[in-house]
Amino acid sequence: MVSGLQLSREDLTQAYRRMRRIRVFENALHAEFAAGEIPGFVHLYAGEEASGVGVCMHLDDRDAIASTHRGHGHCIAKGVETGPMMMEIFGREGGICGGKGGSMHIADLSRGMLGANGIVGAGGPLACGAALTAKTLGTGGVGVAFYGDGASNQGSILESYNLAKIWNLPMVFVCEDNGFAESTASSWSVGGSQIDRGKGFGIPSREVNGNDFFEVFNTAGEAIERARAGEGPTLLHMRLARYYGHFEGDAMTYKTAEEQATEKANDPLDFFRGRVIETQLLRQTDLDAVDAEIDAEIAEALAAAKAAPMPPTDQLTTDVYVSY
Amino acid sequence: MPMKSYREAINEALVQEMERDERVILMGEDISGGTGGNGDQDAWGGPLGVTKGLRPKFGPDRVLDTHLAEISFVGAAAGAAATGLRPVVELMFVDFMGVCFDQIFNQAAKFRYMFGGKAVTPMVVRMMYGAGFRAASQHSQCLYPMFTHIPGLKVALPSNAYEAKGLLTQAIRDDDPVMFFEHKMLYDETAEVPDEPYAIPFGEANVTREGDDVTVVAFGRMVNIAGQAADSLAKAGITCTVVDPRTTSPLDTETILETVEETGRLVVVDEAHPRCSMASDIAGLVAENAFGALKAPIRLVTAPHAPVPFSPALEDAYIPSVGKIEDAVRDAMGHGSREAAE
Amino acid sequence: MSGIEAITMPKWGLAMLEGTVTGWDVAEGDEVSAGQEIMEIETSKIANVYESPVSGVINRIVATEGETLPVGALLAVVAGAGTESSAVDAYIADFQENFVPPEPDGDDGPAAQTIEVPGFTIRRLAMGPGTGTPIVLIHGFGADLESWAFNQADLAAERPVHAIDLPGHGGSGKDVGDGSVSALSAAVVAYMRHEGLPDAHLVGHSLGGAVAVEVARGEPDLVSALTLVAPAGFGPDIAGDFIDGFISQSRARRLRGVLEMLVSDPGLVTTDMVEGVLRFKRLDGALDALKAVAAANFEGNAQRNDLRDHLSGLSQPVRVVWGSEDRVLSASHADGMEGARITLLEGAGHIVHMERAAEVNRTILG
């Protein structure tokens, strides 16, 4: 298997581009939400980019991921376009879900993105279903469930471990442990360890530094290779951090200033930049060019979303059924 | 025309649709039975033998016994449906919806809408429902009104073996998630069922009796009980139109309203509890849209607002009966109840 | 005549288990002759008149109006003049004591079979003796062999009678090729050759009549005579509303209105007749087959086939039966059928062989 440091310049640039795209997208939403431009509420993925991108760099359209309420990053990592995503978050016509889903329900089944999900832990069974489809139809695809430390206590996730194991599904469980379920610390709310939980179901389980793209890429690669080879599920416990609150507007008083400073010091994008420059895999100018490209892309997406019309009200009752 | 039981009709629809489309798979607890043991690998064929013989015929990759954990396998059916399979998942008793309802009503039911019309979720959830089995409060409920309430779901209630095969065939071919309710008291009931595959369209009521005096709308097993009441009443000179809506979602409001316009009287028979039931729903529909045609107050014959009891004496009193339906019809006719007449 | 004879509930068609006496046309003491209409009986398929199977005096009417009785049940007793009342009582008591109603699933006479003939899967019902000129019954658009329920047993008294389901219909395979009369007739030819039925008398109703003519034209050696009952292909027009409605209506109450076009008296159409059509249309492939057949043979209110020239070229004797009140194919179409012996039944509709079975049977045999 190719390790992260053996990736081509093109793939490394792509990985950086996707992480940067997530970061700029989320930062833009952070600002827009504060300005009162976005209806409802949003949960931002900033700080967790290496996890989604490190896993999804191994995936293609055969593969399906199930995401969480914090789903923008997974969407972008899986290749969903930011323009229609932004329109969706603004509730506009032209949004990827026609304005009917919003931030928590962005999906693109053509890209194997089974949806962000407003129900904590719901994606585990869905990803198992996608893995079952791949196994039954022999596509070689895998299912990946992203979920947080909060969801890891849901029966849906624990049941999914068991189901994936007994059906020997091509599955990867990615527990993104950002330390807090809403405002409650995972150090308190999770009994035992994520790794031991996986092992308890007979599932190979690994602890991963979720801030390190290369570690994520390498461990996810092994897991996905196992899945594709018919060797069953793997669990990855990503330790990482979210920079913003559970939702926008959350003052995050449950984290100390020191903790927040430490999180910023381990920024996954900074880590990636430092590593590729240090190893001379990419140049500073390459990365700066990506930054400029992404800034322009997101600015354009934002402007287009704000300019787009609201969906006409005759869309209220369409798309409930295929036929009725 | 061959006579087949409700159980055989359902089994035959599953076999024929699995032969017709290799994307159709079955999953559920004990649908084959014996998985992992050293004995028979088709030990049960479902708790009441409905799926017997399917595992030997189609193999373990298409007939999947599950663990006893409904959230994950019902959710996996939803995920599989959204990614290209056409799963038929058995929940065993509808009463178990409590442990997995999220995957049905927040996931499968809403994919299409939340994803802007881009998702297709062709899954069928087969569930046993209904009282009469001496199975008490947690294995005897109807609950179809709760599914009917949810946009995105379709709900089918076959009243006999012919209906069961045709409606299940349609359910499997349907591109929307379908909740398929099998009344456990009907499994041994027989009817003429063609050997060939056939589908009964959803949302088209079956008018099982034509009469002049009262429209009786009944659901699932109650269609048969209402039919017996209608036959009995016909001997006394009261003729009923009996409407089996077949599906509560979509609902054939056209036939219900049309028949009420003709008879001017409505009795609704629903084995579910009375509040927020199909009975109250149909009554509301008619009151709103055909009030001018009504010659008498609408009568509802339902189970009480109480859980299903265990004792046979209590359970028999719980279920809407021929006698109660006759009383309601006579009441609507202004004839008073039988008891009063006697 | 002497002795006592029973008039019992007839069995009209495979599925009939019981019938309802809807009216008596005779009273106790009336003299009746065999073939005389004596009562009306409603079956699950259609209501019909019943002709007395015997001659004599109606001594006792046992079945009252409105009563539903199983096939074979005692309806009336015919006895010679002067028969003791006590003897009739004893006869009735004995009959009732020994009467066994038919079982729904019982082995009850000939049953339809689905067989493979070269190129086709055909459901057929064969009955009658092994010898004699065979009759082959060919139903019309959307119908099946059950539509001959009132004819086949009578016709089979002295000769073999085969009723078949055309491709796309009843229990036959649902592949109709291009749906044309030519494609349908190929199945009849294949069946007749497979069964070894040369020199048969073909009886075709409506579109089946056109099919029968096509068989006679293409394979004259197979056909000794033709009876065409309200046949298609002999006039410019057809009731397009019937064809369209038959295909498109999926609710019983709507379809009933369409099927009522088949008969002169709408009361003849029963709930089960409507249900039977609906059940057929739900079978996989049935609706597509009907659409293909309709498209190949009809266009709106027009017929695509004109078989009048074919008819004049045939050497076989041709009889035609038509109901004067036919609302699907006008009886006026019989006007141009040169060389045919035409029987017009006043007051009957399009399914004249069901509405007036006895007269149509006599025409076929006569």
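Chain naming here is simple, since letters A, B, ... match the order of the sequence lines and numbering starts at 1 in each.
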Checklist outcome for this item: Counting heavy-atom pairs under 4.5 Å with chain B, the top scorer among A:I106, A:L158, A:L169, A:I96 is A:I96

Item to check | Max heavy-atom pair count under 4.5 Å with chain A, selected residue of B:T121, B:D65, B:T247 | outcome: B:D65

Checklist entry - Between B:R62, B:Q103, B:M27, which residue shows the highest count of heavy-atom pairs closer than 4.5 Å to chain A? => result B:Q103

Checklist entry - Between B:D174, B:L153, B:V99, B:N106, which has the largest tally of heavy atom pairs under 4.5 Å with chain A? => result B:L153

Checklist entry - Are A:T136 and B:D61 close enough, and set up right, to give a side-chain contact (heavy atoms from CB on, under 4.5 Å), and what steps lead you there? => result CA-CA 7 Å; A:T136 304; B:D61 291 340; 5.8 Å; no

Checklist entry - So, does A:Y321 use its side chain to make a donor-acceptor pair with the main chain of B:G152 at under 3.5 Å? => result yes

Checklist entry - When heavy-atom pairs shorter than 4.5 Å are enumerated against chain B, which of A:C128, A:G101, A:A130 gives the highest number? => result A:A130

Checklist entry - For the side chain of B:S72 and the backbone of A:P125, is there at least one donor-acceptor N/O pair under 3.5 Å apart? => result no

Item to check | Rounded distance (nearest 0.5 Å) linking atom NE2 of A:H105 with atom NZ of B:K110 | outcome: 9.0 Å

Checklist outcome for this item: Ranking B:K154, B:R23, B:H67 by heavy-atom pairs under 4.5 Å to chain A gives rank one to B:H67

Checklist entry - When you check the side-chain N and O atoms of A:Y324 and B:S249, is any donor under 3.5 Å from an acceptor? => result yes

Item to check | Most chain B-contacting option - heavy-atom pairs closer than 4.5 Å, from A:A122, A:G98, A:S156 | outcome: A:A122

Checklist entry - Of the non-hydrogen atoms in A:W167 and B:T66, which two are nearest, and what is the gap between them? => result CZ2-CG2, 3.6 Å

